[in-house]
Amino acid sequence: MLDIEINLDTDALLSFLSKENFKYLPEHKDNLRYAYIFRLVKHNTTLGYVWLYELADDHNNFVTHMCVAKEHQGRVFTRHTVNKFYQMSYQLGAVALQTDQIDADLIKLYERIGWSRQDDQTVAIQLPFEWRK
């Protein structure tokens with residue numbers, strides 16, 4: 001079954017991002033130890049990661065990042081995984097999630113799962129939230 005779980009293994013995330021040629025890896029490499037990490041998994045195979053950084057000047061608001069293996073893109077954000085991610089983020093103290101600047105295709109994905117556009121390149125969501133297709 002496809003699931004999402006909290007994962008504390010920053011080395012595994014770093015390895016995954018390297019393998020997937022994550023284009024923003026240089027900006028994240030030294031900061032991953034501060035992240036809350038969630039692993040997307042099916043039959044103990046890692047399909048991708050979502051990770052959060054709490055904003056230093058705005059507690060309970062987190063910046064969200066993700067990387068999904070190319071062969072699994074478009075198939076991991078189910079109602080179960082999205083809502084479980086929202087619930088776990090809220091339990092960690094997040095009342096709002098936002099993105100850094102992202103491209104139009106990612107904005108469409110985020111909007112599909114309940115986020116609201118903030119400007120041309122960012123989206124955000126208030127928690128708690130339940131996504132219903």
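Hydrophobic clustering, with ILVMFWY side chains joined whenever heavy atoms are under 4.5 angstrom apart, groups Leu127 together with Val123. In the hydrophobic clustering of ILVMFWY residues, with side-chain heavy atoms under 4.5 Å counting as a link, Ile37 and Val82 come out apart. Taken together through direct or relayed side-chain contacts under 4.5 Å among Ile, Leu, Val, Met, Phe, Trp and Tyr, Leu92 and Leu55 form parts of separate hydrophobic clusters. Linking ILVMFWY side-chain heavy atoms closer than 4.5 Å, directly or via other members, places Ile6 and Tyr34 in two distinct hydrophobic clusters. Hydrophobic clustering, with ILVMFWY side chains joined whenever heavy atoms are under 4.5 angstrom apart, groups Leu109 together with Ile125.
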**Item:** From CA spacing to verdict: side chain to side chain contact (heavy atoms under 4.5 Å, CB included), Glu27, Phe22
**Value:** CA-CA 10 Å; Glu27 292 90 11; Phe22 184 64; over 6 Å; no

**Request:** Under the side chain to side chain donor-acceptor pair (under 3.5 Å) rule, what do Thr10 and Arg33 come out as? Steps first, then yes or no, please.
**Result:** CA-CA 6 Å; Thr10 56; Arg33 66 177 175 247; over 6 Å; no

**Request:** List the steps and the verdict of side chain to side chain contact (heavy atoms under 4.5 Å, CB included) for Val76 and Lys42.
**Result:** CA-CA 9 Å; Val76 297; Lys42 185 173 184 178; over 6 Å; no

**Item:** side chain to side chain contact (heavy atoms under 4.5 Å, CB included) assessment of Phe77 paired with Met66
**Value:** CA-CA 11 Å; Phe77 293 110; Met66 74 169 121; 3.4 Å; yes

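In this structure, the separation between CD on Glu5 and CG on Leu8 is 10.0 Å, given to the nearest 0.5 Å. We find the NE2-CG distance between His72 and Leu47 to be 4.5 Å, quoted to the nearest 0.5 Å. Taken from CZ in Phe38 to OG1 in Thr64, the straight-line distance is 8.5 Å, to the nearest 0.5 Å. Asn83 contributes atom CG, which lies 8.5 Å from atom OG1 of Thr78 (distance to the nearest 0.5 angstrom). For the atom pair CD of Gln126 and CH2 of Trp115, the computed distance is 10.5 Å after rounding to the nearest 0.5 Å. Atom OH of Tyr24 sits about 8.5 Å away from atom CD of Gln101, to the nearest 0.5 Å.
Within the 4.5 Å cutoff, side-chain heavy atoms of Thr81 are placed close to those of Leu40. Taking the side chain as every heavy atom from C-beta outward, Thr122 and Gln98 never approach each other to under 4.5 Å. Counting only heavy atoms from C-beta outward, the side chains of Tyr49 and Cys67 never approach each other to under 4.5 Å. Looking only at side-chain heavy atoms (C-beta outward), Leu97 and Phe85 come within less than 4.5 Å of each other. In this structure, Val41 and Ile4 have side chains that are not in contact, with every pair of non-hydrogen atoms separated by 4.5 Å or more. For the pair Asp9/Leu13, no side-chain contact is recorded, criterion being any heavy-atom separation below 4.5 Å from C-beta on. Considering only heavy atoms from C-beta on, Tyr36 stays 4.5 Å or farther from Met88 through its side chain. Looking at Trp51 and His28, their side chains come closer than 4.5 Å, going by heavy atoms from C-beta outward.
A side-chain donor-acceptor contact under 3.5 Å links Lys70 to the backbone of Glu20. Remark: the backbone N or O of Asp11 is not paired with any side-chain donor or acceptor of Ser15 at under 3.5 angstrom. The backbone N or O of Arg112 lies less than 3.5 Å from a partner atom in the side chain of Trp131, making a donor-acceptor pair. Side-chain N or O atoms of Gln73 include one that pairs as donor or acceptor with a backbone N or O of Val68 at under 3.5 Å. A donor-acceptor contact shorter than 3.5 Å links the side chain of Asp103 to the backbone of Leu106.
Of the candidates Asp100, Leu17, Leu52, Val50, His65 forms a side chain to side chain contact (heavy atoms under 4.5 Å, CB included) with just one, namely Asp100.
Tyr53 OH: more than 12 foreign heavy atoms inside a 6.0 Å radius. The neighbour count for Leu25 CG, taken as heavy atoms of other residues, nucleotides or ligands under 6.0 Å away, is above 12.
A salt bridge links Lys84 with Asp3: at least one charged nitrogen is closer than 4.0 Å to a carboxylate oxygen.
Of all non-hydrogen atoms in Gln121 and Ile107, the two that sit nearest each other are CA-CD1, 3.7 Å.
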